Amino acid sequence: MSKIEDILQQGGIGILATDTLYGIVGQALNRETVERIYGVKKRTPTKPFIIMVSDIKDLSLFHVDIDHTMQESIDKYWPGPVSIILTCDNPEFEYLHRGTNSLAFRMPAKPKLRELIAKTGPLVAPSANPEGLEPAQTIDHARAYFHDEVDFYEEGLVNTKPSKIIKLTSDGEEVIRP
């Protein structure tokens, strides 16, 4: 995966199998990369992306505060196909939270994917499809959508179901997408 690692570290984007669907991925902490993905996906600019992390410690990169109760909830779901929305009202991350003042994070169950993220830093990972179209079920399906607009395609196994989304607050959990 070192070629993919290099591309991502240099701000590139590509398609790879996440623990749920094929995703179009790029460094979350690189504003230009994030904006490029919005353009390639033709994504509504007010809809934030899910961010994949390799470790719960990665949340500190986004200045996200979690209390003991939130920590227990996170430990219950991660690693796994559950995205967790946390408050992030830091203006530095406006390009990620798009005015929602919250970010959704997921720690993938696949160890190799977590290893890649540990090397590249957190990755935005929206589904691999232009907005409004069905998520790519195969790498060929993704190629048909994005052609040469991305820097790499990496085939892998996907389960074809998007992640469950839960919003965590100090008051508890709210299921956003079952």
Side-chain angles (χ1 to χ4, degrees), residues 1-45 47-59 61-62 74 77-85 93 95-98 103-166 177:
M1 272 224 198
S2 66
K3 180 182 173 212
I4 290 172
E5 189 181 312
D6 291 344
I7 291 168
L8 290 169
Q9 286 174 336
Q10 293 167 19
I13 65 172
I15 307 293
L16 56 75
T18 71
D19 53 331
T20 55
L21 305 166
Y22 275 104
I24 181 168
V25 301
Q27 287 184 317
L29 294 172
N30 184 326
R31 181 186 304 253
E32 287 177 21
T33 296
V34 171
E35 295 305 333
R36 180 176 171 204
I37 294 173
Y38 271 94
V40 168
K41 255 187 86 68
K42 298 171 183 61
R43 173 89 161 206
T44 301
K47 290 173 67 177
F49 293 144
I50 289 171
I51 301 165
M52 292 190 302
V53 296
S54 64
D55 188 278
I56 195 161
K57 293 180 188 116
D58 290 348
L59 298 179
L61 297 169
F62 301 91
I74 291 169
Y77 295 113
W78 284 0
V82 178
S83 297
I84 296 176
I85 298 173
F93 299 109
Y95 74 98
L96 287 169
H97 66 62
R98 314 305 269 200
L103 294 172
F105 297 96
R106 186 168 80 244
M107 185 190 305
K110 292 180 178 178
K112 288 234 182 278
L113 185 52
R114 285 197 313 276
E115 287 171 26
L116 174 68
I117 297 164
K119 293 174 182 168
T120 63
L123 299 173
V124 291
S127 57
N129 58 290
E131 187 166 314
L133 298 179
E134 168 190 340
Q137 303 294 314
T138 65
I139 207 71
D140 288 337
H141 193 183
R143 271 195 182 93
Y145 282 151
F146 300 113
H147 309 283
D148 61 357
E149 293 181 85
V150 300
D151 304 311
F152 68 86
Y153 289 88
E154 178 74 7
E155 191 149 17
L157 295 173
V158 294
N159 80 12
T160 69
K161 285 192 350 206
S163 63
K164 177 177 186 175
I165 299 178
I166 293 171
R177 180 172 69 198

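Given the structure is predicted, the values throughout are model-derived calculations rather than measurements.
Minimum interatomic distance between Pro79 and Arg114 (heavy atoms only, all atoms of both residues): CB-NH1, 3.6 Å. Between Ile7 and Ile13 the shortest heavy-atom distance is CG2-N, 4.4 Å. For the pair Glu154 and Ile139, the tightest heavy-atom approach, listed with the atom from each and the gap, is O-CD1, 3.5 Å. Of all non-hydrogen atoms in Phe146 and Ala128, the two that sit nearest each other are CE1-C, 3.7 Å. Shown here for Pro122 and Ile51, the closest heavy-atom pair between the two residues is CB-CG2, 3.8 Å. Here the closest heavy-atom approach between residue Asn30 and residue Gly11 is recorded as ND2-CA, 3.8 Å.
Here CD1 of Ile37 is found 6.0 Å from CZ of Phe49. Values are rounded to the nearest 0.5 Å. For the atom pair OH (Tyr22) and CG (Leu157), the distance works out to 7.5 Å, reported to the nearest 0.5 Å. Atom-to-atom distance recorded for Ile24:CD1 and Tyr145:OH is 12.5 Å, nearest 0.5 angstrom. Atom CZ of Arg177 is separated from atom OG of Ser163 by 4.5 Å, given to the nearest 0.5 angstrom. To the nearest 0.5 angstrom, Thr120 atom OG1 is 10.5 Å from Ile4 atom CD1. One finds the CG atom of Leu21 at 7.0 Å from the CD atom of Gln137 (value rounded to the nearest 0.5 Å).
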Evaluate side chain to side chain contact (heavy atoms under 4.5 Å, CB included) for Leu8 paired with Leu116, printing each intermediate quantity in order. CA-CA 10 Å; Leu8 290 169; Leu116 174 68; 4.1 Å; yes
For Val53 and Leu61, what are the C-alpha separation, side-chain angles and deciding distance, and is it a side chain to side chain contact (heavy atoms under 4.5 Å, CB included)? CA-CA 10 Å; Val53 296; Leu61 297 169; over 6 Å; no
Checking side chain to side chain contact (heavy atoms under 4.5 Å, CB included) for the pair Phe152/Leu16: CA distance, chi angles, key distance, verdict? CA-CA 8 Å; Phe152 68 86; Leu16 56 75; 4.1 Å; yes
Test side chain to side chain contact (heavy atoms under 4.5 Å, CB included) applied to Thr33 and Val124, step by step: CA-CA 9 Å; Thr33 296; Val124 291; 5.7 Å; no
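Tyr153 carries Arg143 over the face of its six-membered ring, with the cationic atom under 6.0 Å from the centre and within 45° of the normal.
Contact check for Trp78 versus Ile84: side-chain heavy atoms found under the 4.5 Å cut-off.
Here the side chain of Ser83 pairs no donor or acceptor atom with the backbone of Arg106 at under 3.5 angstrom. The closest donor-acceptor contact from the side chain of Glu131 to the backbone of Thr44 lies under 3.5 Å. The main-chain N or O of Lys41 is never found under 3.5 Å from a side-chain atom of Glu149 such that the two would form a donor-acceptor pair. Between the side chain of Lys110 and the backbone N or O of Thr18 there is at least one donor-acceptor pair closer than 3.5 Å.
Gln10 meets the side-chain hydrogen bond (donor to acceptor under 3.5 Å, both in side chains) test with no other residue; sequence neighbours excluded.
With hydrogens and angles left out, the side-chain atoms of Asn129 and Ser127 include a donor and acceptor closer than 3.5 Å.
Heavy atoms of other residues, nucleotides or ligands lying less than 6.0 angstrom from CD of Glu35 number more than 12.
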